[in-house]
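Shown next, in structure tokens, is the structure this report addresses.
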There are 2 protein chains.
Amino acid sequence: MQEEKKLKTAEIEKQSHLEFFNIACSVDCVLFGYAHKELQVLLIQSDLAEFAGMWSLLGDLVQPTEDLEAAPYRVLNERTGLKDIYLEQVYTFGSINRHPSGRVISTAYYSLVDMATHPLTNTKNGLHWHPVNSLREMAFDHKKILDTCVQRLQEQVMEHPLVFNLLPEKFSLRALQDLYEAILTTTLDRRNFRKRMILKDWLVDLDEMEEDVPHRPGKLYKVRPQLRKRYLKQSAAVRNGHAA
Amino acid sequence: MQEEKKLKTAEIEKQSHLEFFNIACSVDCVLFGYAHKELQVLLIQSDLAEFAGMWSLLGDLVQPTEDLEAAPYRVLNERTGLKDIYLEQVYTFGSINRHPSGRVISTAYYSLVDMATHPLTNTKNGLHWHPVNSLREMAFDHKKILDTCVQRLQEQVMEHPLVFNLLPEKFSLRALQDLYEAILTTTLDRRNFRKRMILKDWLVDLDEMEEDVPHRPGKLYKVRPQLRKRYLKQSAAVRNGHAA
DNA sequence: GCAAAAGTGTTAATCTTACACCCATGC
DNA sequence: GCATGGGTGTAAGATTAACACTTTTGC
């Protein structure tokens, strides 16, 4: 008993000097896409035996020479080629045993990525888009991270013009509403939705119509250019200035 | 040029193996108190030469053997003796140069602490309560952290029954309103404030009156006991269950 | 002309804000 | 009785939610 206590103390003593820096910091990116009227998330196969066959988010260790907030931009860029789009920090996960091969604290970010204009450049390690709502189990605590990010996205999406990266440049209000319904997993009243969007003043009426639709064509809109700067493909300068 | 590149590559190579774990993780706690009708924050003198004479938040490195979220509870407990009260993670700060003596990534938490019933047990290193609104400069990036936490507190405070730790068990609506005004740094309409509080159903009318006031005494209220459990002094079990 | 989706307005309910007078107490 | 803050209600405005019919196109 006494012996055991002494050992423990010694161990803690040792750790307090050598192992404080034995915690690694990583980022995990929840990259949301949109296809087939469903919200998608970019996943990769876990390379750990413990999680064989399970999907994981895109993550990487934070480099000693990069700002924490630069790390998810790097991951995003490495995986999709995208450089300067909206990324939001959501939460930091740090349970002792969340990573089987060591102590890793991970900060989660989410972003919205246009799957259509940024096709994956490779499918190594099973990199692929997966419908968010058909995911049950994931590697690490990534299901929890994903859920937290989906919730945050849902909270933000009505207040901020985030979603326009997920649509082509020209889109109909119906397409926009479909997207919102996919994100919020509800149905929305068409008239109220249109009123709200008009009120928000995020859209520019293009005076163009849908073509080749088997019904009455809808008007086409685009997002106001200023908003594109702020939330979508934006300059590095703006991005850095935005960091909280 | 070529030489330099080679060196850099070698350096990065080295870092990728040895120095990934050379990033330390810490937590910084923004402990809010309330006195003299002002929001206060618990500060300590910075022990670094770089920040001589400046105040800093209470922080500590995350132990290798504790969950990230356990760390702020430990810091809180070490400084105030409080064990189980509401702590919310706010944001993680990780600029390369935020800490002069090494790479430290810090996750910020805030909490609300009753200064009256939990007086400081020591004033070592200048530990003291400081009015939030008279702080200009702080050590590290702690002013930014503080500002972020104040903002989060302001966002949360009307939606959640957070503030009752900052008042005695029995309080008048006026005292409650003073507190809200201190937190939000606005004035509030008395009638509308009272209506809102009644609507929220957070309070129990004690059928008692203020005493020894030089004017008409007000009714006394307490917070509903269930809410005390959820947000205030709560059991460790509840706390652990609450972690996001 | 039929199927399919676009487009459009009004009403009721709710919530938010602004605002003024009488009341109870200590001195 | 006077100074101080306690206590109360109402009306206007803004926001949100519910709801149905006509129009345009492709086939």
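Residue numbers start from 1 in every chain, and the chains themselves are labelled A, B, ... in the order their sequence lines are given, proteins ahead of strands. Owing to the predicted nature of the structure, the values given are computational and were not obtained by experimental measurement.
- For A/D201, the side-chain hydrogen bond (donor to acceptor under 3.5 Å, both in side chains) partners two or more places apart in sequence, or in a different chain, are A/R224.
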Under 4.0 Å protein heavy-atom contact, by nucleotide of nucleotides 8-18 of chain C - B base, S sugar-phosphate only
BBB------BB
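- A/D147 is linked by a side chain to side chain contact (heavy atoms under 4.5 Å, CB included) to A/K143, counting only residues two or more places apart in sequence or in another chain.
- A salt bridge does not link B/D189 with B/R194: every distance from a Lys NZ or Arg NE/NH1/NH2 to an Asp or Glu carboxylate oxygen is 4.0 Å or more.
- Within residues 166-173 of chain A, no residue is approached by DNA chain C to less than 4.0 Å at the level of any non-hydrogen atom.
- Classification of B/R98 and A/D67 as a salt-bridged pair fails, no side-chain N sitting under 4.0 Å from a carboxylate O.
- For the atom pair CZ (B/R136) and CE (B/M54), the distance works out to 13.0 Å, reported to the nearest 0.5 Å.
- For B/R74, the side chain to side chain contact (heavy atoms under 4.5 Å, CB included) partners at least two apart in sequence or on another chain are B/D60, B/Q63, B/E66, B/A71, B/E78.
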Got a list of protein N/O to nucleotides 24-27 of chain C N/O distances below 3.5 Å?
residue, atom, partner, partner atom, Å
C/dA24, O4', B/R216, NE, 3.4

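- Bracketed by its first and final contacts, the part of DNA chain D lying under 4.0 Å from non-hydrogen atoms of chain B reaches from D/dT4 to D/dT10 in 5' to 3' order.
- Salt bridge annotation for B/E208-B/K170: present, with a cationic side-chain nitrogen under 4.0 angstrom from a carboxylate oxygen.
- Under 4.0 angstrom from either OP1 or OP2 of C/dA6 there lies at least one side-chain N or O belonging to A/R174.
- Checked against side-chain hydrogen bond (donor to acceptor under 3.5 Å, both in side chains), B/T107 has the following partners two or more places apart in sequence or in another chain: B/T92.
- By the side-chain hydrogen bond (donor to acceptor under 3.5 Å, both in side chains) test, A/Q154 is found to be paired with no residue, residues two or more places apart in sequence or in another chain being considered.
- When the side-chain hydrogen bond (donor to acceptor under 3.5 Å, both in side chains) test is applied to B/S26, the partners found at least two apart in sequence or on another chain are B/S106.
- A search for side chain to side chain contact (heavy atoms under 4.5 Å, CB included) contacts involving A/K37 returns A/Y34, A/D178, not counting sequence neighbours.
- For residues 119-132 of chain A, the pairs satisfying side-chain hydrogen bond (donor to acceptor under 3.5 Å, both in side chains) are A/H128-A/H130, with sequence neighbours left out.
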